[in-house]
Amino acid sequence: MKVPETFFSINEEICLFGLSCIFGIIIGICYDVFRTARILFPHNTALVVIEDVIFMALYAVFLSSFATVCARGELRFYYVVGNAIGFIFYFFTLGSIIIGVMKKIYYALLKILSVVFSPLRSVYVKLQEKEHNFVTSSKNTVKTNKKKSFLLLNTTGLLYNRKENKKRKNVNSVAEQK
């Protein structure tokens, strides 16, 4: 009867550590996808937090998959350390270069698009001014009409201004009491 190995040799542990460092670089590349999305679509703090939670959840799935596939289901602390070393190495070397290039490309595209669409922008600004003037004048007209209708109340329909000399119900006449 052959008993399966229940431990890793030092050589296997070093290979697993190196493999986890390489996977840390891949994790850094995945994080750059989130960073690029933040460049292209500016986020508020809440969305950044949500993205970071999603990234950490994906990392948890990756770490458990790594332990299952490569390390016979054994999760060791040095896998996380190897991932962190690979991630930090990528983040401060190639990752910063890639993000810098992405920012330059993004701002160059914005500049090109602003030059291309500048004639349309001037037309849009003029239309916006005309629309603002129209809305402002129409609002002033509506306010003026409301003020006129408020000041010119129809007094003939009021209860105490009726022209009829009928005796009102439920109202005692002061003259009759004397």
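Throughout, residue positions are numbered sequentially from 1 according to the sequence presented.
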Can you list every salt bridge (Lys or Arg N to Asp or Glu O under 4.0 Å) pair that touches residues 77-98, not counting sequence neighbours?
-> none

Each residue besides I14 in its hydrophobic cluster should be listed here, by chain and number; the cluster joins Ile, Leu, Val, Met, Phe, Trp and Tyr at side-chain heavy-atom distances under 4.5 Å.
-> I10

Name all pairs fulfilling the salt bridge (Lys or Arg N to Asp or Glu O under 4.0 Å) condition that reach into residues 91-105, sequence neighbours left out, sorted by first residue then second.
-> none

I88: side-chain contact (heavy atoms from CB on, under 4.5 Å) partners, not counting sequence neighbours | F92

With a 4.5 Å limit on heavy-atom distance, are the side chains of C15 and N11 in contact?
-> yes

For the hydrophobic clusters of this structure (ILVMFWY residues joined by side-chain heavy atoms under 4.5 Å, transitively), does one cluster hold both I26 and L16?
-> yes

Verify side chain to side chain contact (heavy atoms under 4.5 Å, CB included) between L75 and S64, making sure each step is shown before the conclusion.
-> CA-CA 7 Å; L75 181 62; S64 63; over 6 Å; no

Decide yes or no on side chain to side chain contact (heavy atoms under 4.5 Å, CB included) for I85 and F17, but give the supporting numbers first.
-> CA-CA 10 Å; I85 290 171; F17 181 74; 3.8 Å; yes

Listed partners of F87 passing ring pair (Phe, Tyr, Trp, His ring centres under 6.0 Å), at least two apart | Y31, F91

Consider only side-chain heavy atoms of I, L, V, M, F, W and Y, link residues closer than 4.5 Å, and tell whether V115 and L109 are in one cluster.
-> no

Point-to-point distance, once rounded to the nearest 0.5 Å, from CD1 of I97 to CE of M102 = 14.5 Å

If you count the non-hydrogen atoms of other residues, nucleotides and ligands that lie under 6.0 Å from OH in Y106, is the total more than 12?
-> yes

What residues form a side-chain contact (heavy atoms from CB on, under 4.5 Å) with L113, not counting sequence neighbours?
-> F117

Considering non-hydrogen atoms only, spot the tightest contact between S20 and G82 and give its length.
-> OG-CA, 3.4 Å

Taking only residues two or more places apart in sequence, or in another chain, which ones meet T93 in a side-chain contact (heavy atoms from CB on, under 4.5 Å)?
-> F89

Hydrophobic cluster membership, F41 vs I39, 4.5 Å side-chain cutoff = yes

Got a sec, which pairs hit salt bridge (Lys or Arg N to Asp or Glu O under 4.0 Å) with one end in residues 25-40, sequence neighbours left out?
-> D32-R35, R38-E51, R38-D52

Could you name each residue pair satisfying salt bridge (Lys or Arg N to Asp or Glu O under 4.0 Å) that touches residues 108-117, not counting sequence neighbours?
-> none

Between the side chain of E12 and the main-chain N/O of S9, is any donor-acceptor distance below 3.5 Å?
-> yes

Can V49 be reached from V33 by stepping across I, L, V, M, F, W or Y side chains whose heavy atoms are under 4.5 Å apart?
-> no

For a quick test of your reading: what N or O donor-acceptor pairs under 3.5 Å do the side chains of residues 53-60 make, sequence neighbours left out?
from: Y59; atom 1: OH; to: N83; atom 2: OD1; distance (Å): 2.9

For residues 60-85, the ring-ring contact (aromatic ring centres under 6.0 Å, His included) pairs (sequence neighbours left out) are F23-F62, F23-F66, F66-Y79

With rounding to the nearest 0.5 Å, note down the distance linking CD1 in I25 to CG in L94.
-> 9.0 Å

Can you name the ring pair (Phe, Tyr, Trp, His ring centres under 6.0 Å) partners of Y90, sequence neighbours left out?
-> none

Are I105 and L40 grouped together when hydrophobic residues (ILVMFWY) are joined by side-chain heavy atoms under 4.5 angstrom apart?
-> no

